[in-house]
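Report on the structure given below.
First listed ligand is number 1; within each ligand, the first listed atom is number 1.
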Amino acid sequence: MLLTALLTLMTLLFGYRLLRFFTNYLEARRIGLPIVITPFTWQDSFWILFGPRFSWIRCLPFGLGSWYKYSYMGWTLHDRYQTYARLGTKAITVVSPGRNEIMLGDADAITEVAGRYKKWNRPRQLYKVFATFGENVDSVNGDNWQRHRKVTGHGFREHNNKLVWESATKQAREWMATWDSPNSERSMKIIEEDINTIAMNVLMFASFGQDYGFVDGGTKDVPSGHTKSFREIMPFMLKNVGLAWATRSFTLPKMLEPKSLATLRETKNELFQYFDESLRKADGDFVKSFVEANENEKKGGRQHLTKDELFGNMYMIQLAGFDTTSNAMLLTMALLATHPEVQEWIFEELGQVEAYEDTYPAAIRCRAAMHETLRMYSTAPGIVRHSSNIETINIGGKRVIVPAETFVSVNFTGHHHDPDVWGPDVHDWKPQRWVETVDGKEQFKQSPDVLAWSIGPRICPGKKFSQVEYTAVVSTLLRQYRFEASASLHDAFNDFKFVVAPKIKRPIIDAASIKFIRRQTKSV
Ligand code: HEM
């Protein structure tokens with residue numbers, strides 16, 4: 001009986017997915033872009049969980065498993081420009097039983113979609129998970145988004161960038177002080193942990209004014225009325241955003257609640273307590289500027305943010321600013337270690353001075369390394385938009401009709417590997433491509449631009465924050481040390497599994513290491 005019910009359910013589900021697949025296929029034919037098909041995608045939660053166990057599918061004969069590469073989240077990081085090159089296009093439609101997804105690699109089409117934030121919205125179903133702690137600038141659309149962006153935008157001022165610089169430089173110095181010998185060798189795993197510590201400490205300083213040391217990390221710093229330190233709570237809540245969202249609307253009776261959920265609930269309450277205290281004291285530059293900007297909106301009779309929304313934004317800034325920047329720094333360390341000539345090229349431009357006003361604007365080569373790293377390995381492989389109406393997009397000189405609710409994704413990685421845009425050396429990590437000499441003076445080349453921080457009105461507000469943090473850390477380290485890659489680190493870059501993006505596994509890089517060799521000159 002149970003078996004029959006189960007079989008019927010599975011047959012119905014299969015039939016439904018088949019039907020959806022065929023209607024989507026017909027719709028994609030009408031869109032008119034080249035098509036790739038896959039029975040599963042990142043839109044299927046079960047496939048996100050179990051898909052990696054089926055990676056053998058890609059090895060099936062006669063191309064039977066060729067769909068697998070389009071089925072997992074972040075597939076563009078592996079594919080780069082291959083599918084566009086194979087199909088002779090810069091835009092494709094991915095057809096599956098979920099929603100059709102147009103993947104844009106064409107620069108003009110990307111500018112059109114990213115530029116029209118009122119028409120092309122972030123799909124609510126994908127971003128609501130980020131609103132667990134309150135609606136915020138990332139989770140809303142349209143006029144509501146403008147309201148959030150106006151208040152939160154005040155946090156990203158020049159004064160904050162200076163604080164970021166000072167904090168990141170201090171953290172990097174304290175990190176170097178832990179390297180026990182002049183030729184200290186560290187595994188990538190440890191380097192990753194250390195860079196995460198730096199990124200978290202910088203964010204917490206710039207946001208909440210909490211000045212944690214690199215070594216003690218503030219995890220033992222538990223103020224009265226609390227059971228855990230703020231520094232300990234924050235990474236825990238960033239790691240558990242999905243679980244916090246899934247359990248947001250119910251609380252199990254105490255005797256039925258597993259320990260993990262009880263810890264999550266208690267930690268979340270304590271985070272709110274910290275947020276509340278921080279808001280009341282207007283602690284830290286971000287929070288202070290949010291509070292000031294919000295009060296001004298209130299006084300002017302304009303729409304301000306509620307307390308929940310302020311909390312939501314305080315959380316979102318941590319979520320958006322942590323992994324992205326730390327991954328960029330981690331990858332750069334690996335890339336620099338495998339490209340000693342680039343280390344020397346950057347070292348040449350570094351002077352003795354470390355003050356923000358002097359060093360940051362002059363660190364053109366260092367910023368070039370960041371752009372080039374994010375061009376090749378964007379920490380976010382793209383952004384997704386949709387519209388509830390039928391829309392059109394100009395793709396390659398043709399007006400393409402896009403049915404309502406179709407996902408339209410800006411494929412950063414695809415665009416970043418387009419040889420027509422970047423030249424034949426598109427697959428080489430070459431920070432030099434970002435620097436040009438005009439009238440005997442080096443300057444940063446603005447065009448073509450990297451899309452890693454997105455473009456248009458919703459461009460990442462933390463772009464300069466991350467550039468300042470990155471430059472402070474990388475230049476402080478390079479001024480004193482040379483990096484030498486282990487053989488396995490060189491191998492990692494040749495392994496197709498080596499993909500760096502949040503939540504994507506890096507099996508080989510964990511075994512790799514970097515040796516830090518102290519320089520004789522320019523130490524401070
Ligand atoms: C390498 C570092 C970073 C990268 C690559 C990056 C990338 C991005 C991208 C691609 C978006 C989506 C834009 C869109 O949908 O069009 C975004 C949004 C956002 N980022 Fe960043 N980001 C970085 C660092 C930061 C930092 C350090 C912060 C804050 C301290 C931050 C805060 C935000 C916020 C609040 C949003 C939402 C903006 C909105 O929707 O208006 N990001 N970022």
Q: Starting from the C-alpha separation in whole Å, work towards a yes-or-no answer on side chain to side chain donor-acceptor pair (under 3.5 Å) for Thr332 and Tyr470.
A: CA-CA 9 Å; Thr332 301; Tyr470 174 104; 2.8 Å; yes

Q.
Let's go through Trp429 and His339 carefully: what are the C-alpha distance in whole Å and the side-chain angles of both, what is the deciding distance for ring pair (Phe, Tyr, Trp, His ring centres under 6.0 Å) to 0.1 Å, and is it a yes or a no?
A. CA-CA 9 Å; Trp429 186 72; His339 293 78; 5.0 Å; yes

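Among protein heavy atoms, the minimum distance from atom 32 (C) of ligand 1 is reached at Ala320 CB, 3.4 Å.
In the vicinity of Ser454, heavy-atom distances shorter than 4.0 Å reach the ligand 1 atoms 13 (C), 14 (C), 16 (O). Atoms of ligand 1 found under 4.0 Å from any heavy atom of Trp145 (numbered from 1 in listed order, with element): 39 (C), 40 (O), 41 (O). For ligand 1, the atoms sitting less than 4.0 Å from at least one non-hydrogen atom of Thr325 are 2 (C), 24 (C), 27 (C), numbered in the order shown with element in parentheses.
Closest heavy-atom approach to atom 41 (O) of ligand 1 among the candidates Arg149, Glu469, Met329: Arg149. Between atom 22 (N) of ligand 1 and the options Cys460, Gly462, Ser466, the minimum heavy-atom separation is to Cys460. Nearest to atom 13 (C) of ligand 1 by heavy atom, out of Met370, Arg458, Met316, Gln146, is Arg458.
A cation-pi arrangement is absent between Arg433 and Trp422, since the terminal nitrogen or guanidinium carbon is not both under 6.0 Å from the aromatic centre and inside a 45° cone about the axis. Under the 6.0 Å distance and 45° angle rule, Arg248 counts as a cation-pi partner of Trp245. Figure legend: Arg365 and Phe444 shown without cation-pi pairing, the cationic atom not lying both under 6.0 angstrom from the six-membered ring centre and within 45 degrees of its axis. Both cation-pi conditions hold for Lys268 and Phe133: the charged atom is under 6.0 angstrom from the six-membered ring centre and inside a 45 degree cone around its axis.
In this structure, Phe156 is part of the shell of residues with a heavy atom less than 4.0 angstrom from ligand 1. For the ligand labelled ligand 1, residue Ala452 lies inside the 4.0 Å heavy-atom shell. Remark: distances from the non-hydrogen atoms of His148 to ligand 1 are all 4.0 Å or more.
Within the 4.0 Å heavy-atom criterion, the part of Ile383 lying near ligand 1 is the side chain and not the backbone.
Aromatic pair Phe286/Phe156: ring centres closer than 6.0 Å. Less than 6.0 angstrom separates the ring centroid of Trp145 from the ring centroid of Tyr117.
Not a single N or O atom of Trp453, backbone or side chain, sits closer than 3.5 Å to an N or O atom of ligand 1. An N or O contact shorter than 3.5 Å links Arg122 to ligand 1 by distance. Of the N or O atoms in Thr324, none lie within a sub-3.5 Å distance of an N or O in ligand 1.
The shortest heavy-atom contact between Ser207 and Leu203 is OG-O, 2.7 Å.
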